[in-house]
Amino acid sequence: MGYGSGELIIRSYNAQNDRVRLEGLESICEVGPADKPFLFTDTLGDPICRIKNSPIYNMLVAELAGQLVGVIQGTIKLVTLHKPPKNVAKVGYILGLRVAPAYRRQGIGSRLVTKLEEWFVACNVDYTYMATEKDNEASYKLFVNKLGYVKFRTPAILVNPVNHHRSSQISSNFKLTKLKIKEAESLYRKYLSSTEFFPIDIGNILRNKLSLGTWVAYPKGETWGKVPTSWAMLSVWNSGELFKLRLGNVPISCFMYTKSSQLIQKFLPCFKLPSIPDFFNPFGFYFIYGVYGEGPLYGKLVKSLCNFVHNMASSKSKDCKVIVTEIGGNDTRSKLHIPHRKSMSCSEDLWCIKNLKNEDGKRVHKLTTMPPTRTLFVDPREV
């Protein structure tokens, strides 16, 4: 395809030559929907911050007439996808696709995806997948209508704002315990190793410096040495150490309401009005992952664990403004009990998948038509 001003070159990212220019590209791609607020990321000067903790990663840039006009990122890992004996697959994850506004609708986005897929194939990847908002029409048309991706799963993204002036209540009927890394890894492998998208290198995730720990909750009077009648677990990842978020396209009325609520909370705490966090400056967030448990008290135990994470964020991090949890779309028992603000959450995120091994074309059809497992493990390294 001709681009008018020269040949389009797609190549690997070079930190020394591309870093500053890539920051410029990201800044002009910050424009979101005109009719509603949107979030965009601040990479803190490190363009590969969202992928560098993955086992294998790559970033490609599109260059035209000496200008960077597009970028895409990809990671590779081993996960559980199928039932035994073929329960492990190598998957590639696509994220961070950006094309400069002046160069859109010229096929640059599809060229970037195709080149990244070629890298996946060279690395013997079985499937490639991506996540997008269900109402992102441009992304849907590109991946599904043009590039052959199919709908796979619709997880729910739950967002809970952190109130730095008030603690969340934790039931006195439950005991919370922080697990050692080896114990947490053993527990995850025992209960989640057959669920969708469970990463084979779970130990590396738990040992990462961004993983703040794994906690379990169970009724008081019972011991963790024996399996309690009810229990729940989760892990916490400090995404704010990698990059920040910022809210854009916010009406001035919302800005004034936020500021006034913070002033009331500060100077008139007796009114006990909820304070809205300042989302207009860059802020960090905690990501809850690996949510699981069993027993009739599971929901209440999960809620207590989430309240504990909220209190930890409130007391230990002035920068953390929200706590994010992503769960399987049909995991209704968790969704009912994980604290979240409905207006800030997404009930249906969209995951799309594509088979990269043509000799086994029936596998992706079977994968996308079989009922999803209740638990969906979301890798915090890919948030």
Side-chain angles (χ1 to χ4, degrees), residues 79-84 87-88 153-158 160 168-203 205-207 211-237 286-312 323-340 345 347 349 370-380:
V79 302
T80 300
L81 272 187
H82 307 282
K83 294 181 179 180
N87 64 322
V88 175
R153 295 291 178 255
T154 53
I157 301 175
L158 309 178
N160 190 38
S168 296
Q169 186 175 4
I170 301 174
S171 174
S172 59
N173 296 322
F174 304 142
K175 184 175 182 180
L176 276 60
T177 301
K178 185 176 183 179
L179 299 179
K180 294 180 179 180
I181 291 176
K182 287 186 177 180
E183 188 177 5
E185 179 179 358
S186 177
L187 206 61
Y188 277 128
R189 292 195 184 278
K190 179 178 179 179
Y191 290 100
L192 295 183
S193 61
S194 61
T195 60
E196 289 179 340
F197 279 80
F198 179 80
I200 303 304
D201 66 333
I202 180 65
I205 297 175
L206 297 172
R207 292 179 180 86
S211 195
L212 300 180
T214 301
W215 287 265
V216 292
Y218 52 94
K220 278 188 175 178
E222 300 189 39
T223 60
W224 183 246
K226 297 180 181 180
V227 179
T229 55
S230 294
W231 61 278
M233 68 182 296
L234 56 75
S235 298
V236 184
W237 185 270
Y286 284 177
F287 184 76
I288 292 177
Y289 66 100
V291 181
Y292 186 77
E294 296 180 347
L297 297 177
Y298 167 78
K300 293 181 179 179
L301 291 165
V302 164
K303 184 175 181 179
S304 286
L305 283 171
C306 290
N307 286 344
F308 167 78
V309 175
H310 171 276
N311 295 345
M312 180 173 66
I323 297 168
V324 181
T325 312
E326 190 165 8
I327 59 174
N330 65 336
D331 189 2
T332 53
R333 66 168 191 162
S334 295
K335 186 176 181 180
L336 286 172
H337 297 282
I338 294 176
H340 63 281
S345 302
S347 59
D349 196 24
M370 68 172 58
T373 56
R374 183 183 65 192
T375 303
L376 178 67
F377 193 100
V378 180
D379 194 329

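Atoms considered below: every heavy atom in the structure, side chains included; atoms not considered: hydrogens, waters and symmetry mates.
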Identify every side-chain donor-acceptor pair in residues 295-303 under 3.5 Å, counting partners at least two apart or on other chains, and give the distances.
from	atom 1	to	atom 2	distance (Å)
Tyr298	OH	Ser334	OG	2.7

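When every heavy atom of Ser235 is checked against every heavy atom of Leu206, the shortest pair comes out as OG-CD2, 3.9 Å. For the pair Pro199 and Val79, the tightest heavy-atom approach, listed with the atom from each and the gap, is CA-CG1, 4.2 Å. Scanning all heavy atoms of the two residues, the minimum distance from Lys335 to Ser347 falls at NZ-CB, 3.9 Å. Closest of all the heavy-atom pairs between Trp224 and Glu183 is NE1-OE2, 2.8 Å. The two residues Pro228 and Pro219 make their nearest non-hydrogen contact at CB-CD, 4.5 Å. In terms of heavy atoms, Tyr218 sits closest to Glu222 at CE1-O, 3.3 Å.
Note: Tyr191 OH to Glu294 CD = 5.5 Å, rounded to the nearest 0.5 Å. Note that the CD1 atom of Ile338 and the CD atom of Glu326 stand 11.0 Å from one another [nearest 0.5 Å]. For the atom pair Ile181 CD1 and Ile205 CD1, the distance stands at 12.0 Å (nearest 0.5 Å). Atom CG of Asn311 is separated from atom CD1 of Ile170 by 5.0 Å, given to the nearest 0.5 angstrom. Atom SG in Cys306 sits 8.0 Å away from atom CG in Asn160 (nearest 0.5 Å). Residue Asn87 holds its CG atom at 8.5 Å from OG of Ser194, rounded to the nearest 0.5 Å.
Checking Thr195, Ile200, Leu192 one by one against Thr80, the side-chain contact (heavy atoms from CB on, under 4.5 Å) holds for a single residue, Ile200. Checked options Thr325, Thr375, Val378, Leu376; the residue passing with Val291 is Thr325 (criterion: side-chain contact (heavy atoms from CB on, under 4.5 Å)).
Not counting sequence neighbours, Ser186 has no partner by the side chain to side chain contact (heavy atoms under 4.5 Å, CB included) test. By the ring-ring contact (aromatic ring centres under 6.0 Å, His included) test, Trp215 is found to be paired with Phe308, residues two or more places apart in sequence or in another chain being considered. By the salt bridge (Lys or Arg N to Asp or Glu O under 4.0 Å) test, Glu185 is found to be paired with Arg189, Arg207, residues two or more places apart in sequence or in another chain being considered. For Asp349, there are no salt bridge (Lys or Arg N to Asp or Glu O under 4.0 Å) partners, not counting sequence neighbours. Evaluation of the side chain to side chain contact (heavy atoms under 4.5 Å, CB included) rule for Ser193 yields Phe198 as partners, not counting sequence neighbours.
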* Could you walk me through whether Leu187 and Thr214 pass the side-chain contact (heavy atoms from CB on, under 4.5 Å) check? -> CA-CA 10 Å; Leu187 206 61; Thr214 301; over 6 Å; no

Pair Trp231-Tyr292, ring-ring contact (aromatic ring centres under 6.0 Å, His included): steps then yes or no: CA-CA 9 Å; Trp231 61 278; Tyr292 186 77; 5.8 Å; yes

Assess the residue pair Asn173 and Lys220 against the criterion (side-chain contact (heavy atoms from CB on, under 4.5 Å)); give the C-alpha distance rounded to whole Å, side-chain angles, the decisive distance to 0.1 Å, and a yes or no.
CA-CA 6 Å; Asn173 296 322; Lys220 278 188 175 178; 5.8 Å; no

Worksheet entry | Step-by-step side-chain contact (heavy atoms from CB on, under 4.5 Å) determination, Met312 to Tyr286 | CA-CA 10 Å; Met312 180 173 66; Tyr286 284 177; 4.1 Å; yes

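With no hydrogens or angles considered, a side-chain donor-acceptor pair links His310 and Ser168 at under 3.5 Å.
At least one donor-acceptor pair under 3.5 Å links the side chain of Asn307 to the backbone N or O of Gln169. Looking at Tyr289, its side chain never comes within 3.5 Å of a backbone N or O of Trp237 through a donor-acceptor pair.
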